[in-house]
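Notes for the one structure printed next.
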Amino acid sequence: MKTHWFNRWEAVRSSFWFVPAMMVIIAVGLARIVVTLDHQLVHFSLVLPDIGFTGGAEGARSVLSTIAGSMVTVAGVAFSITIVALTLASSQFGPRLLRNFMRDPGNQYVLGTFIATFIYCLLVLSSVTHSNGDVFVPRIAVNLALLLALFNVAVLIYFIHHVATSIQADNVVNGVYEELNQYIEHFFPDELGESDPEPFQSDRNPTGMFHHVVAADSEGYLQAVDRQCLCQLAQQFDCRIELGYRAGAFVVKGSSIAVVRSDTEPEDGLDSQLLDCMIVGKLRTPEQDPEFAVHQLVEVAVRALSPGINDPFTAMTSVDRLSAVLCTLTGRSFHPARWYGDDGQLRLEEPPLTFTGILNAAFDQIRQHGKSDTAVTIRLLESLGRIASYCRTREQQSAVCRQAEMILRSSQDCLNEPQDLADIEQRFQAIQDEMRQC
């Protein structure tokens, strides 16, 4: 249940409607409170000092109408600027990065401020009365509307500056990098021990056990897995569950998403309960998929290397950030691929997430698209050399060496300048020397 709610909350956070809707609700409540306060002042015949708005009913209507109309116009301009920024971001950095722009708190609060001010002015405007000698002018509410108008001018200036800076390539890369660091702290909070971790070995017993294949009831990306729920379910039915996919993988309807092994035939209803512990959606999400943000940085680099953009500097910036992430991961312990129930029995197995897999996800596509660019190739080898100095296990060293060898072979096939090849071989040799010292 917790996993499902977290998945829905991430979807809400990435929408443009949630924060503005909350701010509109606050504006409605604020308007009612301030107008009620004005009514109380009139009821007790209290007189406010002549500060701010001092006009009558017609003047109040004029001020509130002007502010409300202006806010609608400014909100339309803000939406137009946002759409233009999203279009530029989609074409230059990739459509998957639109999620980062949509969940940007600055954009959401700016749009919410304009809309909330518009709603506030409309509600206060409806409270102004001037009929049959009965005049009511909510002076506090009108003065507050004037203050909100001044505040919205500052917000508009901030918004223009924020959009202009948020679509700069370095800021986009840095934003994805910071988000990736947050996910690393979430996925890999534990430090790596002194010794190499034991390789994953399944302790399945293929004989003497009944196995039941659970088919996926829908197709899409496996967004999240509630491991605690699956362990409790396996303990309840006295079985072991072996997942066929890890979060982030694409699942085809009818494919084997899990295998249930037990000494007896599983009871009816196990399949539906097991599928309820997994979320399959149309889009890939980062909740349990650390490679998602890695692929976002890779996409920025690959698009920068495309002939239409031809921006190797952005690609090298992405490589630098990826190397920093991988240096951090060399000292982190990856979560186990096997999970045990409260009774100490193995209850859940899933495909393991490894350092090698993340390293390949980070460098494979950049290596393939940048093999004819000398500067990018050299930066890739320099980054691998930096990672090599942090390696602490044999798996990490083997993964770095494999990538370096592939980069060297690709450069030898695609580059003809002897001096460029000499520079590349020099970086490759530095990696080899670093490995010998480890």
Side-chain angles (χ1 to χ4, degrees), residues 12 15-86 101-167:
V12 168
S15 65
F16 265 146
W17 62 265
F18 179 72
V19 171
M22 294 298 101
M23 296 183 71
V24 166
I25 294 174
I26 294 174
V28 172
L30 180 62
R32 293 180 63 88
I33 292 173
V34 177
V35 170
T36 301
L37 180 59
D38 277 307
H39 277 292
Q40 293 299 318
L41 292 176
V42 173
H43 178 73
F44 291 103
S45 301
L46 298 178
V47 180
L48 295 176
D50 293 337
I51 299 176
F53 178 78
T54 58
E58 292 300 325
R61 289 196 183 100
S62 178
V63 169
L64 293 171
S65 299
T66 301
I67 295 175
S70 301
M71 289 305 103
V72 170
T73 303
V74 172
V77 172
F79 274 109
S80 299
I81 294 174
T82 302
I83 295 301
V84 171
L86 293 177
F101 287 90
M102 293 182 65
R103 67 181 299 179
D104 185 349
N107 296 336
Q108 295 179 358
Y109 282 111
V110 166
L111 296 176
T113 299
F114 295 147
I115 297 173
T117 303
F118 168 72
I119 297 298
Y120 171 84
C121 291
L122 285 184
L123 294 176
V124 175
L125 181 61
S126 65
S127 68
V128 179
T129 58
H130 185 195
S131 61
N132 300 325
D134 184 14
V135 179
F136 173 70
V137 180
R139 288 185 56 191
I140 298 178
V142 175
N143 283 317
L144 182 57
L146 291 172
L147 292 176
L148 289 175
L150 294 176
F151 176 72
N152 278 299
V153 172
V155 169
L156 179 60
I157 296 173
Y158 159 79
F159 180 67
I160 295 173
H161 170 77
H162 178 70
V163 171
T165 56
S166 64
I167 61 176

- Query: What is the distance from atom CE of Met23 to atom CZ of Phe18, rounded to the nearest 0.5 Å?
  - Reply: 12.0 Å

- Query: Can you name the residues that form a side-chain hydrogen bond (donor to acceptor under 3.5 Å, both in side chains) with Thr117, not counting sequence neighbours?
  - Reply: Asn152

- Message: Does Phe136, at its CZ atom, have more than 12 non-hydrogen atoms belonging to other residues, nucleotides or ligands within less than 6.0 Å?
- Response: yes

- For Leu146, all residues meeting side-chain contact (heavy atoms from CB on, under 4.5 Å), sequence neighbours excluded: Phe53, Val63, Ile67, Asn143

- Query: If you look at every heavy atom in Val124 and Ala141, which pair is closest and at what distance?
  - Reply: CG1-CB, 3.6 Å

- Keeping to residues at least two apart or across chains, list the salt bridge (Lys or Arg N to Asp or Glu O under 4.0 Å) pairs with something in residues 55-72. Glu58-Arg61

- Message: For Gly56 versus Val137, what's the shortest heavy-atom pair and its separation?
- Response: C-CG2, 3.7 Å

- Can you list every pair that meets side-chain hydrogen bond (donor to acceptor under 3.5 Å, both in side chains) and has a residue in residues 67-76, with sequence neighbours left out? none

- Query: Distance-only, no hydrogens or angles: does the Ser166 side chain make a donor-acceptor pair with backbone N or O of Val163 under 3.5 Å?
  - Reply: yes

- Roughly how far, to the nearest 0.5 Å, is CG of Leu111 from CH2 of Trp17? 14.5 Å

- Please report the shortest heavy-atom distance between Ala57 and Thr129, naming the atom on each side. CB-O, 4.2 Å

- Would a 4.5 Å heavy-atom cut-off, applied to side chains only, mark Pro105 and Val19 as touching? no

- Message: To the nearest 0.5 Å, what is the distance between CZ on Phe118 and CG on Leu123?
- Response: 9.5 Å

- Message: Show every salt bridge (Lys or Arg N to Asp or Glu O under 4.0 Å) that has at least one partner inside residues 17-30, sequence neighbours left out.
- Response: none

Counting only pairs under 3.5 Å, give me each side-chain donor-acceptor contact of residues 24-37, with atom names and distances, residues two or more places apart or in other chains.
{"from": "Thr36", "atom 1": "OG1", "to": "Arg32", "atom 2": "O", "distance (Å)": "2.6"}

- Query: In Å and rounded to the nearest 0.5 Å, what is the CD1 to CD distance from Ile140 to Gln40?
  - Reply: 11.0 Å

- Query: What's the spacing between Ile83 CD1 and Ile81 CD1 if we round to 0.5 Å?
  - Reply: 11.5 Å

- Query: Rounded to the nearest 0.5 Å, what separation is found between the CE atom of Met71 and the CD1 atom of Ile119?
  - Reply: 12.5 Å

- Item | Pairs flagged by ring-ring contact (aromatic ring centres under 6.0 Å, His included) wherever residues 138-162 is involved - sequence neighbours left out | Tyr158-His162

